[in-house]
Novice: 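What follows is a single structure, and I will ask about it in a moment.
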Amino acid sequence: GAVVSQHPSWVICKSGTSVKIECRSLDFQATTMFWYRQFPKQSLMLMATSNEGSKATYEQGVEKDKFLINHASLTLSTLTVTSAHPEDSSFYICSATSGRAFNEQFFGPGTRLTVL
Amino acid sequence: KNQVEQSPQSLIILEGKNCTLQCNYTVSPFSNLRWYKQDTGRGPVSLTIMTFSENTKSNGRYTATLDADTKQSSLHITASQLSDSASYICVVSAIAAGNKLTFGGGTRVLVKP
């Protein structure tokens, strides 16, 4: 149980385009979902926290107009990178928690974004 | 400021040998500590999770220890296998922190045949 999926697993896009990444909790309802980005050889950095039906809370330094987060249901959150630039190239990972048992976060497999 | 420091940053071990990874934290008030394994290009996978009242927990060949007094944890890998090559991340959660986690920088382990 507690499986989180992400789609796509990798994407290559041209500079200036927008890219949408989906995060789904497959076998549980996620009260909260988190979006992280990870640069090579570095640890995960929290970008934002989203609760179903409400606006996401962004970490300091993360542009909310550039990284649009929608948490439309208890099993789906999306991250849209708008007007992507090469510096947005990174590994994006989502996680989800059901609010039970230590509020454990279950991580998705990640999405590799490359902006040309 | 909540921080999690891991050491070493990386290590190379021979297949079949044991190794121990260290984690020191300053997160307060402490809720729980987790060790994750992250393969290259994949998301983290939970190995163990411990509260302040637990001082050891095992998951197969992985054994984590926790000393809440000194705010230290270790992850011991026994009889390493090539598939143990990965990054191991120590993550600490604070009480009433909005579910936010404090991540260590990770230890990159390479197991050589």
Side-chain angles (χ1 to χ4, degrees), chain A residues 1-11 21 23-26 30-51 54 56-60 62 90-114, chain B residues 1-11 21 23 25 27 29-54 57 59 64 66 86-110:
Chain A
V3 178
V4 176
S5 70
Q6 281 184 242
H7 178 80
S9 55
W10 59 270
V11 57
I21 303 170
C23 176
R24 294 181 184 271
S25 57
L26 298 184
T31 54
T32 306
M33 287 185 169
F34 304 83
W35 286 96
Y36 298 85
R37 65 188 299 181
Q38 184 178 32
F39 293 106
K41 297 186 179 181
Q42 294 186 24
S43 196
L44 283 71
M45 293 174 50
L46 180 65
M47 299 175 65
T49 302
S50 74
N51 293 293
S54 61
T57 302
Y58 290 81
E59 294 300 298
Q60 191 172 8
V62 178
S90 188
F91 193 50
Y92 292 87
I93 303 174
C94 74
S95 71
T97 177
S98 64
R100 297 175 289 174
F102 307 116
N103 283 321
E104 183 168 5
Q105 290 186 28
F106 300 97
F107 290 86
T111 296
R112 171 72 59 191
L113 170 63
T114 302
Chain B
K1 181 181 178 182
N2 290 337
Q3 285 188 313
V4 177
E5 302 284 344
Q6 289 187 244
S7 62
Q9 284 191 333
S10 63
L11 74 123
L21 316 179
C23 172
Y25 63 91
V27 178
F30 176 83
S31 175
N32 57 76
L33 183 146
R34 313 142 192 243
W35 282 94
Y36 288 91
K37 178 186 178 187
Q38 185 179 23
D39 293 312
T40 301
R42 305 292 294 173
V45 175
S46 179
L47 295 176
T48 62
I49 182 169
M50 292 183 290
T51 62
F52 74 94
S53 60
E54 299 173 290
K57 183 164 282 189
N59 178 357
L66 172 65
S87 285
Y88 292 85
I89 308 173
C90 177
V91 183
V92 183
S93 175
I95 295 172
N99 296 325
K100 288 185 183 178
L101 306 177
T102 303
F103 288 79
T107 294
R108 297 170 65 87
V109 175
L110 175 61

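Any value given below was found using the heavy atoms of this structure, including those in side chains, with hydrogens, waters and symmetry copies removed. A note on names: the letters A, B, ... follow the listed sequences, proteins ahead of strands, and every chain is numbered from 1.
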Novice: Counting heavy-atom pairs closer than 4.5 Å to chain B, which one of A:Lys41, A:Gln42, A:Met45 comes out on top?
Specialist: A:Lys41
Novice: Check whether any side-chain N or O of A:Ser43 sits under 3.5 Å from a backbone N or O of B:Gly106 as a donor-acceptor pair, and report yes or no.
Specialist: no
Novice: Starting at OG of B:Ser46, measure out to CZ of A:Phe106 and round the result to the nearest 0.5 Å.
Specialist: 7.5 Å
Novice: Given that the side chain runs from C-beta out, which part of A:Gln38 has a heavy atom under 4.5 Å from chain B: side chain, backbone, both or neither?
Specialist: side chain
Novice: Out of B:Leu101, B:Ile89, B:Val91, which residue meets the side-chain contact (heavy atoms from CB on, under 4.5 Å) rule with A:Leu44?
Specialist: B:Ile89
Novice: Given that the side chain runs from C-beta out, which part of B:Gln38 has a heavy atom under 4.5 Å from chain A: side chain, backbone, both or neither?
Specialist: side chain
Novice: Verify the neighbour count for atom CZ of A:Phe39: are there more than 12 heavy atoms of other residues, nucleotides or ligands below 6.0 Å?
Specialist: yes
Novice: Please classify the contact between B:Arg42 and chain A as side chain, backbone, both or neither, with a heavy-atom cut-off of under 4.5 Å.
Specialist: both
Novice: Please report the closest heavy-atom contact between B:Tyr36 and A:Gln105, naming both atoms and the distance.
Specialist: OH-O, 3.3 Å
Novice: Looking only at heavy atoms, what is the nearest atom pair of B:Arg34 and A:Glu104, with distance?
Specialist: NH1-CA, 3.4 Å
